[in-house]
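Here the structure is laid out as structure tokens; the discussion comes afterwards.
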Amino acid sequence: MSAPVSHGPCALALDIGTSTLKALLVDSRGCVRGEARRPTPLLVPRGVSPLARQMHPPTVLKAVQAVAQEVLAHSPGAHVAVVALTSMRQGVALLDNEGKEIYLGPNIDLRAVFEGGALDEAYGEMMYSTTGHLPSLFFPWSRLVWLREHRPQAYRRATVVLPLADWLAYRLTGVVGAEMSLAGEAGLLDIRERQWATGLTRTLGLRDDWFPPLFQASTVRGQLTREGSALVGVPEGTPVVVAGPDTQCALRAAGVQSAGQGGVVLGWSTAVQLLTATPRFDKQRRTWVGLFPDSAFWTAEANAGDGGRALQWTVDTLYGRGARAWGRLERDVEAVEPGSGGVMALLGPTALDLSHPGVRLGGWLLPVPLSFSPVGRGHLARAVIENIVFAVRACLELLEEVSGERVGAVHLAGGLLRLPVLAPLMAQVLGREVYGAPHPSASALGAGLAGLHSIGALERKPPCAVHRPRDHLVAAYHDCYQAWRRAERGLGGMGWR
């Protein structure tokens, strides 16, 4: 029997996503040697709002253990030299003075909708100019106010607030701290000063004594304790790194690294970011301002909304469920000409106003009479994919307006890149070179690369696929995009706020 193959030092990357918890094994050449995943365990707490979501710490840790053990079991020769962590943005943990969880909540916990609305009405301008983020209902401030009003005893017991990846780092190392860009994405920083927003905390009547030390993503947070080693199946003493927010980690994997570069994460939602040398705030507060890990750069962010959700709904509705359904969609889409035969989709993806996201009317617009323009499900499906790409272009145009900069090449990451048509289509619609991340689980890959880099074990970054625009398709899609924008603006006034 041959000995197990070793690939040199590897990173065990763990990603607590909104819908999926992933583990990746990444070697020193940036290659993925194994992957495991589980649904992120969420629950609806009793006696709260039906919009509330919460996480049960032992259940989350059990899921972390399961994915870590699974990925390591399939790579018995691997030498894990670092554990690298990333997580969803806006998710936080509250601990008491014994390190026990008072609250562990994901980014989709909307129990504090009314508190968030009241904060924005009273302090919206200050919230945005300080943190770079609105609306408050998505961010921990509203949940902290909710806790103070509805769970005062728990509020008084809380001694530290942590982003989710930092919570997991604490569980693995015993070290309390927060990675700076994750704290910024949680809306808890004075984003200009890169420090905790303690002045805002006092203005809101909240405590300012529960913020831990801030760390850069390249800093080794600590080493695995005996308990941490037992949890992830890696030797005690292995260094642990918090690599930053999942969105920024995905863009690192896609090659984003300098000012002027644009990046798009094509997942359940569609985040579009531009790296900038100075923070770029929008007077209308339509975009967010964040930090890029391990750099002097800020991020300007627009969001196209539920791109992945819209496409999943389309697959389920037109093709049914299962892997074969996606294969049928791909075949149908590739058989349809660019422009989808005049069909336009308005199923949600657009350049959102992040200060006031709302509900709109949408659907498909068809060329009529249908007797002269036969429409099949391939036209409908391709129109939905074009809808997502058009929305990305609208987001980039918004970022260019806000920043005053021209976006250069665009880097793509996210699970939707599994669709072969999407990245080449993006190059034609955007009219510029597009680089695709080398693996669909780009957030975990980016975390693994950051972890290896932090211990000096990264030999090279994996190459990205390059897609270049073709003039005749760029011109054709420019007209399609302008028609889609006109339809979107015309339909926008018919929605609800």
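Below, each value reflects all heavy atoms present in this structure, side chains not excepted, and no hydrogens, waters or symmetry copies. Count residues from 1 along the sequence.
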Expected output: side-chain Arg53 to main-chain Pro45 donor-acceptor under 3.5 Å
no

Side-chain donor/acceptor of Ser269 to backbone N/O of Gly305, under 3.5 Å:
no

Using a 6.0 Å cut-off, check whether atom NE2 of His453 has over 12 heavy atoms from anything other than its own residue.
no

Which residue in the set Leu43, Leu104, Leu42 passes side chain to side chain contact (heavy atoms under 4.5 Å, CB included) when paired with His56?
Leu43

Flag for Tyr103-Glu101: side-chain donor and acceptor within less than 3.5 Å
no

Can a donor-acceptor pair be found, under 3.5 Å and without considering hydrogens, that links the side chain of Arg207 to the backbone of Ala158?
yes

Would you tell me whether Arg280 and Thr278 have side-chain atoms, one donor and one acceptor, within less than 3.5 Å of each other?
yes

Can you tell me if Thr159 and Asn97 form a side-chain donor-acceptor pair at under 3.5 Å?
no

Give a yes or no on whether the backbone of Val289 and the side-chain of Thr299 come within a donor-acceptor separation of less than 3.5 Å.
no

Do we see a donor-acceptor contact under 3.5 Å between the side chains of Ser181 and Glu179?
yes

Check Asp96 with Lys100, please: is the shortest side-chain N to carboxylate O separation under 4.0 Å?
no

Please say whether the positively charged group of Arg194, taken as NZ for Lys or CZ for Arg, lies over the ring of Trp298, i.e. under 6.0 angstrom from the six-membered ring centre and within 45 degrees of the axis.
yes

Just checking Phe139 against Trp288, ring centres under 6.0 Å apart?
yes

With a sphere of 6.0 Å drawn around NE2 of His74, does it hold more than 12 non-hydrogen atoms of other residues, nucleotides or ligands?
no

